[in-house]
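Worksheet: one structure, shown below.
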Amino acid sequence: MSTPDVVDELHRRGLIAQSTDETALRASLAEGTVTYYCGFDPTAASLHVGHLIQFMVLRALQRAGHQPIVLVGGATGLIGDPRPSAERTLNSPELVAEWVERIRTRVAPFLDRPAAEEGLRAPVYVNNLDWTAPLSAIDFLRDLGKNFRVNRMLAKEAVSARLNSDAGISYTEFSYQILQANDFRELFERHGCTLQTGGSDQWGNITAGTDLVRRTHATSVHALGTPLITRADGTKIGKTEGATVWLDPELTSPYRFFQYWLGLDDVDVRAWLPLFSERPPEEVAALLASSQEKPQAREAQRALAEELTRLVHGDDEVRQAEAAGRALFGRAELSDLSPDTLEAALSEAGVTTVEGEWPTLAALFQQSGLCSSLSDARRTIKEGGAYLNNARITDGEVVPEPSDVLPGGWLVLRRGRRTVAGARQIVSTRV
RNA sequence: GGCGGGUUGCCCGAGUGGCCAAUGGGAGCGGACUGUAAAUCCGCCGGCUUAGCCUUCGAAGGUUCGAAUCCUUCACCCGCCA
């Protein structure tokens, strides 16, 4: 029995949108351990669910016995890769450095855990600031710049889109592809890295790297591009209620993370399940069939929510998130829930505390973050979208009654069908 | 350096002296219908002590009874020319 081919697996799951010479890549992967890398730029304090697909590729290759390198772009994050729309705002070096660290610690579990538990190769972490910062302008122009033809650089989609837009493009962002190309060259020289994976929106930068290695080392190295994932409604992955779904639990609670996947529509979950699930193909097929036959059961959504929450946040958080969901969306009367259950559920959903007297309900909605302003809270109440303990609120100017308070001192606030927060009064001890 | 064009609410984009808190579209939010789905329909979508008031149209000044709209200066962006 031959070992399953990792390229086959990636294709089956739809994780490959484009690649360089695939025959050569397959041969290389079959021949022995390949060192491969994927880079993440610190453009925010955390990665988000859109980045998960890169980890799926990294993990599949790791499982096949290859050596991962995770690059965090301490240098490229200072420059900014060209977005199709407009120039990026530069972030301060201090901030970028902070994000680099934060991202690096969050990313570890994806590859370190399999290394520890299954004896796979442990990832190497690198920061491109290490080799980019020492580059002088002379080095950059003489040693690197000579390898790049402006004609080809202009032809890259990210650049040409901007050239044809009102926004134009700065020399800074135009240079980005050279830095990313140089990363591949550095990793080839330092670690023998011969494969880069990344999103298809990065394809121009990725091939700039394979070209550079070919020019400077007369060697063909490889690249794999993942498909760009969009939702059925055309919006980007990972946005919900106007907010990004981050991987960092400080920014997006595991509960909300779980709810994001659970709330996917049927079209999206069917498209995404193969991409994001590492279950055996038969299980994935069964879930897809279930989604077709009895979509209202939402089995595919639930399976995906459990699997990904477990991957990103761990077993305990899956249990908490599920229990919270059951408590807050279940049929049970809130007053029948035990204080412990209620507290656990609400702390997952989001909690606000009030010192002293209860404010008006409208103010409570604003303080809980459910509404962005008092006006917003009043508006929501007027529209019939605000609930206290699952009962619609009609007057926002009243103060909660003692009889409203649930066991444990909680009020359950809800906006719309499914955005929930808890509020509790703190009896301030006299100073 | 010269000439021209531009900077409007989350995004795109109307608006060239009062009828502008500012048309329209998208995103978002709420309701109805559902399956914690999609589609659809209806409503909302700067803030507040909400039949009223306050602060917005790159920044600062100015003209005017009155300015997003006119003038001046500054900043930034785009294009053509040098």
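Here the structure is a predicted model, which is why all the values come from computation and not from measurement. Just so we're on the same page: letters track the sequence lines, and every chain starts at 1.
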Check your understanding: How close or far is atom P of C33(B) from atom CD of Gln296(A), stated in whole angstroms?
Key -> 18 Å
Practice item. Can you tell me, in whole Å, how much space there is between the P of C41(B) and that of U55(B)? Key: 40 Å
Check your understanding: Is U72(B) paired to anything, Watson-Crick or G-U wobble with both distances less than 3.5 Å, and if yes, which nucleotide?
Key -> A60(B)
Exercise for review: Kindly say whether, by distance alone, the side chain of Gln259(A) makes a donor-acceptor pair under 3.5 Å with the base of U36(B)?
Suggested key: yes
Exercise for review: With a 3.5 angstrom cut-off on both distances, give the Watson-Crick or G-U wobble partner of C10(B), or none if there isn't one.
Suggested key: G26(B)
**Study point:** Heavy-atom side-chain contact between Leu228(A) and Asp201(A) under 4.5 Å
**Key:** yes
Review point. What is the distance, rounded to the nearest whole Å, between atom CG of Asp265(A) and atom P of C33(B)?
Key: 21 Å
Practice item. Please give the nucleotide sitting opposite U40(B) as a Watson-Crick or G-U wobble pair, both distances under 3.5 Å, or none. Key: A32(B)
Revision key, fill the gap. Applied to residues 342-386 of chain A, the ring pair (Phe, Tyr, Trp, His ring centres under 6.0 Å) test, sequence neighbours excluded, yields none
Check your understanding: Just how far, in rounded Å, is C1' of U34(B) from NZ of Lys294(A)?
Key -> 19 Å
Check your understanding: Is any side-chain heavy atom of Asp404(A) less than 4.5 Å from a side-chain heavy atom of Leu411(A)?
Key -> yes
**Study point:** Rounded distance in Å between the C1' positions of A67(B) and U50(B)
**Key:** 27 Å
Review point. Would you say A37(B) has OP1 or OP2 under 4.0 Å from some side-chain N or O of Tyr260(A)?
Key: no
Exercise for review: Would you kindly give the CG-to-C1' distance between Asp266(A) and A37(B), to the nearest whole Å?
Suggested key: 5 Å
Check your understanding: Expressed in whole Å, how much space separates the C1' atoms belonging to U73(B) and U63(B)?
Key -> 15 Å
Check your understanding: Of all residues at least two apart in sequence or in a different chain, which pass the salt bridge (charged side-chain N to carboxylate O under 4.0 Å, His left out) check with Arg378(A)?
Key -> Glu397(A)
Revision key, fill the gap. Protein heavy-atom contacts under 4.0 Å, written 5' to 3' over nucleotides 44-53 of chain B as B (base), S (sugar-phosphate only) or - (none), form the string SS-SBSB---
Check your understanding: With nearest nucleotides of RNA chain B determined for Leu262(A) and Gly385(A) from heavy-atom distances, which residue corresponds to the more 5′ nucleotide?
Key -> Gly385(A)
Practice item. Round to a whole Å and report the spacing from CD of Glu306(A) to P of U36(B). Key: 17 Å
Exercise for review: Mark up nucleotides 77-82 of chain B, 5' to 3', with B wherever a protein heavy atom is under 4.0 angstrom from a base atom, S wherever such an atom reaches only the sugar-phosphate, and - elsewhere.
Suggested key: SS----
**Study point:** Pairs touching residues 81-117 of chain A that satisfy ring pair (Phe, Tyr, Trp, His ring centres under 6.0 Å), sequence neighbours left out
**Key:** Phe55(A)-Phe110(A)
Review point. Has Arg415(A) got a side-chain N or O lying under 4.0 Å from the OP1 or OP2 atom of G31(B)?
Key: no
**Study point:** Pair partner, U50(B) [Watson-Crick or wobble, under 3.5 Å]
**Key:** none
Review point. Taking atom C1' of A37(B) as reference, at what distance in whole Å does atom CD of Glu293(A) sit?
Key: 17 Å
Check your understanding: Which residue pairs satisfy the ring pair (Phe, Tyr, Trp, His ring centres under 6.0 Å) criterion with at least one member in residues 164-184 of chain A, sequence neighbours excluded?
Key -> Tyr37(A)-Phe184(A)
Practice item. Measure up the Trp261(A) and Phe257(A) rings against each other and bin them: parallel (under 30°), tilted (30 to 60°), perpendicular (over 60°). Key: perpendicular
Review point. What integer number of Å spans the P atoms of C44(B) and U36(B)?
Key: 28 Å
Check your understanding: Are the charged groups of Glu322(A) and Arg302(A) less than 4.0 angstrom apart, N to O?
Key -> yes
Practice item. Please say whether more than 12 non-hydrogen atoms of neighbouring residues, nucleotides or ligands are located less than 6.0 Å from CD in Gln296(A). Key: yes
Practice item. Look at Glu343(A) together with Arg424(A) and state whether they make a salt bridge at an N to O cut-off of under 4.0 Å. Key: yes
**Study point:** Identity of whatever pairs with C80(B) - Watson-Crick or G-U, under 3.5 angstrom
**Key:** G2(B)
Exercise for review: Would you tell me whether Gln301(A) and Asp266(A) have side-chain atoms, one donor and one acceptor, within less than 3.5 Å of each other?
Suggested key: yes
Practice item. In whole angstrom, give the distance that lies between atom CZ of Arg418(A) and atom P of G35(B). Key: 15 Å
Exercise for review: Could you measure between the two P atoms, the one in G26(B) and the one in G35(B), and give it in whole Å?
Suggested key: 28 Å
**Study point:** Sugar-phosphate only, base, or nothing, as touched by Arg414(A) at under 4.0 Å among non-hydrogen atoms
**Key:** nothing
Review point. Got Leu287(A) and Arg279(A) here, is their nearest side-chain heavy-atom distance under 4.5 Å?
Key: yes
Point to revise | Between C1' of U36(B) and CG of Asn390(A), the distance in whole Å | key: 13 Å
Exercise for review: Could you work out the separation of C70(B) and C65(B) based on their C1' atoms and round it to a whole Å?
Suggested key: 16 Å
Check your understanding: Expressed as a whole number of Å, how far does the C1' atom of G43(B) sit from that of C54(B)?
Key -> 26 Å
Review point. Taking the same atom, C1', in C81(B) and in C12(B), what whole-Å distance lies between them?
Key: 31 Å
Practice item. Indicate whether OP1 or OP2 belonging to U34(B) is found under 4.0 Å from a side-chain N or O atom of Arg417(A). Key: no
Revision key, fill the gap. Closest of G31(B), G35(B), U36(B) to the Tyr387(A) side chain is G31(B)
